[in-house]
Amino acid sequence: MKNKEIKKALKSDTPINSMYALIPGNRLQAFKKFASRFGFTEERIKTVLENEKR
């Protein structure tokens, strides 16, 4: 991940979705495990991503 990509994602209309898309496929499971420590289930993550699109 490059700083340029991160800055562009943060400035987009849908920053949560853009940042989530930057997570490499082989690190996605590690992210979900990390997020679960803060109470985010896979369902809740999907809900947050879908709600941002509206």
Side-chain angles (χ1 to χ4, degrees):
M1 229 180 294
K2 297 180 181 178
N3 284 336
K4 184 179 177 181
E5 293 172 324
I6 294 171
K7 288 179 184 179
K8 184 178 178 182
L10 288 173
K11 291 179 181 179
S12 73
D13 292 337
T14 55
I16 296 171
N17 281 285
S18 298
M19 291 296 289
Y20 188 79
L22 290 176
I23 301 171
N26 62 344
R27 302 295 242 151
L28 201 51
Q29 198 60 30
F31 168 76
K32 289 178 182 178
K33 186 175 180 180
F34 171 77
S36 71
R37 303 268 180 180
F38 296 95
F40 285 89
T41 61
E42 285 188 48
E43 243 180 67
R44 188 163 178 213
I45 292 170
K46 287 180 184 178
T47 302
V48 169
L49 293 170
E50 289 172 359
N51 286 340
E52 183 186 52
K53 293 178 184 177
R54 294 182 189 167

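One-based numbering along the sequence shown. In what follows, every heavy atom counts, from backbone to side chain, and hydrogens, waters and symmetry copies are set aside.
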*Enter the distance from R27:CZ to L22:CG here, rounded to the nearest 0.5 Å.*
14.0 Å
*If you round to the nearest 0.5 Å, how far is NZ of K32 from CD of Q29?*
6.0 Å
_Closest contact, heavy atoms only, P15 versus L10_ = CB-O, 3.8 Å
*Which distance, rounded to the nearest 0.5 Å, do you find between the CD of E5 and the NZ of K2?*
6.5 Å
_Working to the nearest 0.5 angstrom, can you tell me the gap between K11 NZ and S18 OG?_
13.0 Å
*asked:* Among residues at least two apart in sequence or on other chains, which ones pass ring pair (Phe, Tyr, Trp, His ring centres under 6.0 Å) with F34?
replied: F38
*What are the two closest heavy atoms between E52 and N17, and how far apart are they?*
OE1-ND2, 2.5 Å
*asked:* Just to verify, what does N26 make a side-chain hydrogen bond (donor to acceptor under 3.5 Å, both in side chains) with, not counting sequence neighbours?
replied: none
*Say you draw a straight line from NZ of K46 to CD of E42; how long is it, rounded to the nearest 0.5 Å?*
6.0 Å
*Any Y20 side-chain heavy atom under 4.5 Å of V48 side chain*: no
*Between CG of N51 and CZ of R44, what distance do you get to the nearest 0.5 Å?*
11.0 Å
